[in-house]
Amino acid sequence: MDLNLRGQSVLITGASRGIGRAIAEVMAEEGCTLHLAARDEALLGSVCAELSAKYKVDAHAHPHDLSITDEIVKLGAACIDVDILVNNAGAIPRGPLSEIDGKTWRKAWDLKVFGFIDLTRVIFARMCERRRGTIVNVIGMAGERPDWKYIAGSAGNAALNSFTLSLGGESVRYGVRVNCVNPGPIMSDRFREGILRRARLTFNDESRWPELLADLPIKRAGTPREVADAVAFLASDRASYISGAALRIDAGLKHRSPDL
């Protein structure tokens, strides 16, 4: 399906690997001008060079630490006129309340929660002035299915879900759509590292990691590309009547019986 995104510009945070990298590739396939942000300057530059050469699009690297307010302001100023913003940067550590101290919690939220909010504040204001634009936040299903062993992430994702739905309900008055996707288990680099570690601890054999996915609805994790395709659709005019919505990408896991 042609999403009619050719010629549009997109800013994607956390774009050097995983879901962010997959979103960047889908947008490049669609003919978008890429603005990719992440902390790893070398890796980010490599991704930009690869996608530019492969898809013949302009790709610009923006190495920034988006847990720092001044860095968010710089990135927002450099990309103020983008047509699409995809907030994706951030990884909140797992653990119950007893293991996540205040410093760890705040550091994680500076990137994943306040980083999303502060960058949106900059880009959204300009989109409203131009009366066009779309924002897609990549959050996570823990905001809809809280997990006490992932308490900081569950609370942060719930906050970002409310932020997205609240803003998206009003933004359409200004010609701007705001939505989010909530991925479940996705075979990103981070997820793969975690599942291999669990296999070593559980079986003393990391090659048995597929056994740990057997209880998932379709017995596998999702792929970054499956998330990226959904993001591209929500960013496109094909989704022109969708705003203030959360799309869960979990193969029905939220509604799976908890004893499975």
* To do: Answer yes or no: is there a donor N or O on one side and an acceptor on the other, between the side chain of Ser243 and the main chain of Gly168, under 3.5 Å?
  =>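 The answer is yes, because a donor-acceptor pair under 3.5 Å joins these two groups.
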* Heavy atoms, side chains only, cut-off 4.5 Å: are Leu34 and Asp58 in contact? -> no
* Taking every non-hydrogen atom, the tightest pair across Gly76 and Ile123 -> O-CD1, 3.9 Å
* **Nearest atoms (heavy-atom pairs only) where Lys112 meets Val138** =>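 Closest pair (atom of Lys112, atom of Val138, distance): CE-O, 4.0 Å.
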* To do: Evaluate the side-chain contact (heavy atoms from CB on, under 4.5 Å) criterion for residues Leu11 and Leu75: first the C-alpha distance (whole Å), next the side-chain angles of each, then the deciding distance (0.1 Å), finally the verdict.
  => CA-CA 9 Å; Leu11 168 57; Leu75 177 62; 4.0 Å; yes
* Please check if atom CD in Glu41 has more than 12 non-hydrogen atoms from other residues, nucleotides or ligands closer than 6.0 Å. =>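 Open: at most 12 neighbouring heavy atoms sit under 6.0 Å from CD of Glu41.
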* Any Arg198 side-chain heavy atom under 4.5 Å of Trp209 side chain ->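 With C-beta onward as the side chain, the pair stays apart.
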* Ion pair check, Asp205 and Arg208, cut-off under 4.0 Å -> no
* Is any NZ, NE, NH1 or NH2 atom of the basic residue among Arg121 and Asp118 found under 4.0 Å from an Asp or Glu carboxylate oxygen of the other? ->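 Judged by the 4.0 Å cut-off on N to carboxylate O distance, Arg121 and Asp118 do form a salt bridge.
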* Under 3.5 Å, is there a donor-acceptor pair linking the side chains of Asn161 and Asn182? -> yes
* Thr164 and Asn179: side-chain donor and acceptor closer than 3.5 Å? ->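 There is no such pair between these side chains.
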* Residue pair Arg39 / Leu44, side-chain heavy-atom distance below 4.5 Å ->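 When only atoms from C-beta onward are counted, Leu44 and Arg39 do not touch, as no gap falls below 4.5 Å.
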* To do: Provide the closest heavy-atom pair for Phe191 versus Ala221 in the form atom of the first, atom of the second, distance.
  =>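 Residues Phe191 and Ala221, closest heavy atoms: CE2-CB, 3.9 Å.
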* Given side-chain contact (heavy atoms from CB on, under 4.5 Å), test Leu5 with Ile84 step by step and report yes or no. => CA-CA 10 Å; Leu5 290 172; Ile84 302 161; 3.8 Å; yes
* Within the distance-only criterion (no hydrogens, no angle test), does the side chain of Arg177 pair as donor or acceptor with the backbone N or O of Val136 below 3.5 angstrom? -> no
* **Test item: Arg132 and Val176 side chains (from C-beta on) under 4.5 Å apart, heavy atoms** =>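 Of all side-chain heavy-atom pairs linking Val176 with Arg132, none is under 4.5 Å.
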* Minimum heavy-atom distance between Ala22 and Arg225, given as atom pair plus value ->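 Nearest pair, atom of Ala22 first, then Arg225: CB-N, 4.0 Å.
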* Asked: So, do Gln8 and Val82 sit near enough that their side-chain heavy atoms are less than 4.5 Å apart?
  ->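 Not in contact.
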* Do we see a donor-acceptor contact under 3.5 Å between the side chains of Asp101 and Thr104? ->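 Distance-only check passes for Asp101 and Thr104.
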* To do: Given side-chain contact (heavy atoms from CB on, under 4.5 Å), test Val181 with Leu234 step by step and report yes or no.
  => CA-CA 9 Å; Val181 297; Leu234 287 174; 3.6 Å; yes
* To do: Compute whether any side-chain donor of one residue and acceptor of the other, for Tyr55 and Glu25, lie under 3.5 angstrom apart.
  => yes
* Would you say the side chain of Arg130 lies within less than 4.5 Å of the side chain of Asp81, judging by non-hydrogen atoms? ->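 A side-chain contact under 4.5 Å exists here.
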* To do: Quick one: do Asp40 and Ser16 satisfy side chain to side chain donor-acceptor pair (under 3.5 Å)? Show the steps, please.
  => CA-CA 7 Å; Asp40 189 328; Ser16 62; 6.0 Å; no
* To do: Could you pull out the closest heavy-atom pair between Pro217 and Ala251, with the gap in Å?
  =>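 Where Pro217 meets Ala251 most closely, the heavy atoms are CB-O, 3.1 Å.
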* Considering all heavy atoms of both residues, which atom of Cys32 and which atom of Val10 are nearest to each other, and what is their separation? -> CB-CG1, 4.0 Å
* **Rounded distance (nearest 0.5 Å) linking atom CE of Met141 with atom CD1 of Ile249** =>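 Those atoms lie 11.5 Å apart.
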* Min side-chain heavy-atom separation Thr223-Ile186 under 4.5 Å ->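 Counting from C-beta outward, Thr223 and Ile186 never come under 4.5 Å.
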* Specify whether Trp105 and Trp109 have parallel, tilted or perpendicular ring planes, treating 30° as the upper limit for parallel and 60° as the lower limit for perpendicular. =>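 Taking Trp109 first and then Trp105, their aromatic rings sit tilted (interplane angle of 30° to 60°).
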* Would you call the rings of His35 and His60 parallel, tilted or perpendicular if under 30° counts as parallel and over 60° as perpendicular? -> parallel
* To do: Evaluate the side-chain proximity of Met187 to Leu213: yes if any heavy-atom separation is below 4.5 Å, no if none is.
  => yes
* Test salt bridge (Lys or Arg N to Asp or Glu O under 4.0 Å) applied to Glu206 and Arg192, Arg197, Arg200, the passing residue ->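 Going through Arg192, Arg197, Arg200 one by one, the salt bridge (Lys or Arg N to Asp or Glu O under 4.0 Å) with Glu206 is satisfied by Arg200 alone.
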* Asked: With distance as the sole criterion, is a donor-acceptor pair present between the side chains of Asn87 and Asn137 under 3.5 Å?
  ->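 Yes.
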